[in-house]
Structure formats: C-alpha cells, structure tokens
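Numbers here simply count residues along the sequence, with the first being 1. Values below: all heavy atoms of this structure, side chains included; hydrogens, waters and symmetry mates excluded.
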Amino acid sequence: MALAKDRNTPMKDGELISVPVASSTTIYAGALVVANASGYAAPGSVATTLTYLGRAEEYVKNAGADGAASVLVRRRKAFKWLNHGADAVTQAELGKTCYIVDDQTVAKTSGTSTRSAAGTVVGVDSDGVWVQ
C-alpha cells in the first residue's frame, strides 16, 4: 500500500556494518571479507559463490554455529590488496573487475570461472591493487 502520510524511514550509514560470521571461521583484522552463499562473513578464497563485502575491522574467531559471532566490515572505500603474481592486475585493468584469490590477494581474471569478483580496479601500485 502506498504512503498516504509522511513516514519516518529508518536508515544507517552502511559504511561500517556488522556481519554474522560463518561457523568454524577465523577472520583477521585487515582481511578481505566476503559473504558466502548462505550470507555469512568469511575470509576471501577461490570460489564462485562469494560476494565481496570489504575489509575486516577486527579479528574474529567463530568457533560456534553460523552467526554465533559477528565481524565489523568497512565498505564503500578503496582498499589495497596484494596482486597475484601469476595472474597480475595491470594498469590496463583500470576501471575493470578483478577477482578474489584469498583474504588479501586479487587477480586479473576469474581463473577460468573459479573466482568471484572482488570489485573495480581504481589503481595499481608496485605493491598492490586498489579495489573499490
């Protein structure tokens, strides 16, 4: 039903979010964090069912069930991840998608459709790739 009067719609910033962590999972502060296929936070890895979230702001070890612990994840920023030497992102990828290798590394390609997208390359330095 459409509004017939003003509504006090709740909001949140969305830059720093708390995400429930997958069971039996450790996430280190500064790690590349993804949502797994079930929507729980996990460290980046090679898989096709992951959604890039951002950078972990804290260390969390979830020894319990899915969601028994949560991790703070910073989003909407460019983060510098390591560049995968065997499949390196180059200046030619500026503005293009790069792909998740692990919780600190991105690559130029999907690895023959085995890697999930990390985000858009916004810079390439000698010591890493800026991804937004």
Side-chain angles (χ1 to χ4, degrees):
M1 176 181 200
L3 288 174
K5 62 180 182 176
D6 292 344
R7 178 176 189 266
N8 184 11
T9 304
M11 66 163 239
K12 63 165 106 176
D13 181 276
E15 184 174 314
L16 189 61
I17 61 171
S18 179
V19 183
V21 177
S23 66
S24 304
T25 298
T26 300
I27 298 175
Y28 294 95
L32 184 156
V33 178
V34 298
N36 66 19
S38 299
Y40 291 96
S45 63
V46 172
T48 58
T49 58
L50 306 176
T51 301
Y52 177 83
L53 294 179
R55 181 191 70 197
E57 291 296 293
E58 60 188 343
Y59 166 87
V60 174
K61 182 173 184 170
N62 183 8
D66 284 341
S70 292
V71 63
L72 287 176
V73 177
R74 185 159 311 272
R75 305 173 59 230
R76 300 183 179 159
K77 302 287 182 189
F79 300 107
K80 187 189 281 189
W81 303 114
L82 295 179
N83 201 348
H84 191 322
D87 188 12
V89 176
T90 66
Q91 187 64 33
E93 280 69 59
L94 188 67
K96 297 178 183 174
T97 301
C98 63
Y99 297 86
I100 302 166
V101 175
D102 59 32
D103 63 355
Q104 67 172 346
T105 310
V106 295
K108 173 181 177 176
T109 71
S110 68
T112 320
S113 299
T114 60
R115 301 176 185 138
S116 295
T120 303
V121 175
V122 296
V124 180
D125 292 344
S126 61
D127 61 344
V129 180
W130 290 95
V131 179
Q132 185 173 27

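The line from NZ of Lys80 to CG of Asp127 is 3.5 Å long, rounded to the nearest 0.5 Å. With rounding to the nearest 0.5 angstrom, the CG atom of Asp103 is 13.5 Å from the CZ atom of Arg55. Note: Arg115 CZ to Thr97 OG1 = 14.0 Å, rounded to the nearest 0.5 Å. Distance check: Ser24 OG to Asn62 CG gives 7.0 Å after rounding to the nearest 0.5 Å. Taking CG of Leu3 as the start and CE of Met1 as the end, the distance is 9.5 Å to the nearest 0.5 Å.
At least one side-chain heavy atom of Leu50 sits less than 4.5 Å from a side-chain heavy atom of Asn36. Annotation: side chain of Glu15 is in contact with side chain of Arg74 (closest heavy-atom distance under 4.5 Å). At a threshold of 4.5 Å between non-hydrogen side-chain atoms, the residues Gln104 and Phe79 do not count as touching. Side-chain contact between Leu32 and Ile100 is present, with at least one heavy-atom pair separated by less than 4.5 Å. Between Thr25 and Pro43, the closest side-chain pair of non-hydrogen atoms falls below 4.5 Å.
With Asp87 contributing its side chain and Thr109 its backbone, the two residues share a donor-acceptor pair below 3.5 Å. Under a 3.5 Å cut-off, the side chain of Thr105 and the backbone N or O of His84 do not form any donor-acceptor pair. Looking only at distances, a side-chain donor or acceptor of Asn83 sits under 3.5 Å from a matching main-chain atom of Val89. Here the side chain of Glu58 pairs a donor or acceptor atom with the backbone of Leu72 at under 3.5 angstrom. In this structure, Arg75 contributes its side chain and Gly14 its backbone to a donor-acceptor pair below 3.5 Å.
Note on ring orientation: taking the six-membered ring where Trp is involved, the planes of Trp81 and Tyr52 are perpendicular (angle over 60°, cut-offs 30° and 60°).
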Using the side chain to side chain contact (heavy atoms under 4.5 Å, CB included) rule, take Val121 and Lys96 through it: C-alpha gap first, then chi angles, then the decisive distance, then the call.
CA-CA 6 Å; Val121 175; Lys96 297 178 183 174; 5.6 Å; no

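Between Ser23 and Ala65, the shortest heavy-atom contact is CB-C, 3.6 Å. Nearest heavy-atom pair across Ser116 and Ala47 is OG-O, 2.5 Å. In plain terms, the two heavy atoms of Ala41 and Val33 that are nearest each other are CB-CG1, 4.0 Å. Listed here is the closest heavy atom pair of Ser70 and Val60: O-CG2, 3.4 Å. Residues Thr48 and Ser113 share a closest heavy-atom pair of CG2-O, 3.1 Å.
Under the 4.5 Å side-chain contact rule for hydrophobic residues, Ile27 and Val19 share a cluster. Clustering ILVMFWY residues whenever any of their side-chain heavy atoms sit less than 4.5 angstrom apart, transitively, puts Leu53 in a cluster other than the one holding Tyr40. Following chains of ILVMFWY side-chain contacts shorter than 4.5 Å, one cannot reach Leu82 starting from Val46, and the two form parts of different hydrophobic clusters. Linking Ile, Leu, Val, Met, Phe, Trp and Tyr residues whenever their side-chain heavy atoms come within less than 4.5 Å leaves Val71 and Val34 in two separate clusters.
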